[in-house]
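For reference, the structure discussed in these notes is given below.
Note that the coordinates shown come from a computational prediction; the quantities given were computed from them, not determined experimentally. Remember, it's 1-based here, ligands and their atoms both numbered in the order they're listed.
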Amino acid sequence: MNAETIKKIAKDCGADLVGIASIDRFKEVPGPENPSAIKPDTKSVIVLGFRILRGALQGIENGTSWGTYSGCDPTGFSNYMQEVTYNFCRQVENDGYETVPLVRCSYDLRNQGVPVSPDRPAPDVIIDMEYAAFAAGLGEMGDGKFFLTPQFGPRQVFSAVLTDLELEPDPVFSGSLCDHCGACAAACPACALDEKCLVESTYPAGTLKHWKLRVESCRVCTTGTWPRPYSLGLEPNRTGAACGRACVKHLEAKK
Ligand code: SF4
Ligand code: SF4
């Protein structure tokens, strides 16, 4: 089983995007978000991407329906995403390797449990899905704090699979999808994106940068977010909000 066959299997199962990161790209990532703290023999982190349908944003743009977008939020189509990820894992395990499937979880669930030993982080260990997607070469972080891919701009969500199967990693994305146009910030009625303040997170595979986001405004935003009222550890999904749709429109116009 090599990188090419893995990607074919993932796509045949129903993923839109597949990227591979080697575990060394997580070497200095802190324990509570490090894949090796979940599965110590992890050699590769495979990231699967699932598009948020373009048409699902039309309801918001036309003022006709909000329900379609909620159906495309991770909470709405998570059954599909989990099923595809699970079926992909089954096929890898059929070949004799182990897999641990992960979907995006609230970061405030980290460190809630009791460590199994003093040298281990407390469960739950929750990986940063955006960094995993970046490390797997799928795209980059845009200024508006959206993960952008060449295929779908900000319109996707990710799952990840940890495996002991050693695979050729994809190169880290070296293009530049975000052109710092400012359309996302300009579209926000609450001025929640601060273009003067760049937040940088440095990882082994590179630095993720975005403008500072006042997430409290996003939690009460009425322009089309899909809020997650029960979890303050996850930011609302902003793809359908004014900021996200401005980015979608801007990137589409450039094609
Ligand atoms: S979600 Fe709403 S408040 Fe937050 S940045 Fe986007 S438009 Fe502004
Ligand atoms: S709208 Fe422009 S500045 Fe904002 S994330 Fe998209 S490309 Fe970057």
- Query: Can you list the residues that meet the side chain to side chain donor-acceptor pair (under 3.5 Å) rule with Glu252, with sequence neighbours excluded?
  - Reply: Arg54
- Could you tell me which residues satisfy ring pair (Phe, Tyr, Trp, His ring centres under 6.0 Å) with Phe147, sequence neighbours excluded, listed by chain and number? Phe158
- Item | Set of residues satisfying ring pair (Phe, Tyr, Trp, His ring centres under 6.0 Å) with respect to Tyr203, sequence neighbours excluded | Tyr131
- Message: Is a donor from one side chain sitting under 3.5 angstrom from an acceptor on the other, for Ser159 and Gln82?
- Response: no
- Message: Hydrogens and angles aside, do Ser117 and Arg120 bring a side-chain donor and acceptor to less than 3.5 Å of each other?
- Response: no
Heavy-atom contacts with [X] under 4.0 Å: which atoms of ligand 1 show up? List them by number with element.
X: Thr225; result: 1 (S)
X: Arg238; result: 1 (S), 5 (S)
X: Cys188; result: 3 (S), 5 (S), 7 (S), 8 (Fe)

- Presence of salt bridge, Lys11 and Asp16, under 4.0 angstrom: no
- Nearest to atom 2 (Fe) of ligand 1 by heavy atom, Ala242, Cys221, Ala241: which? Cys221
- Item | Protein residue, atom and distance nearest to atom 4 (Fe) of ligand 1, heavy-atom basis | Cys218 SG, 2.4 Å
- Message: With a 3.5 Å distance limit and no angle check, can you tell me whether Arg25 reaches the backbone of Ala205 through a side-chain donor-acceptor pair?
- Response: no
- Please confirm whether the backbone N or O of Arg110 pairs with a side-chain atom of Asp124, one donor and one acceptor, at under 3.5 Å? no
- Note on the structure: Sorted by chain and number, protein N/O/S atoms nearer to atom 4 (Fe) of ligand 2 than 2.8 Å are Cys184 SG
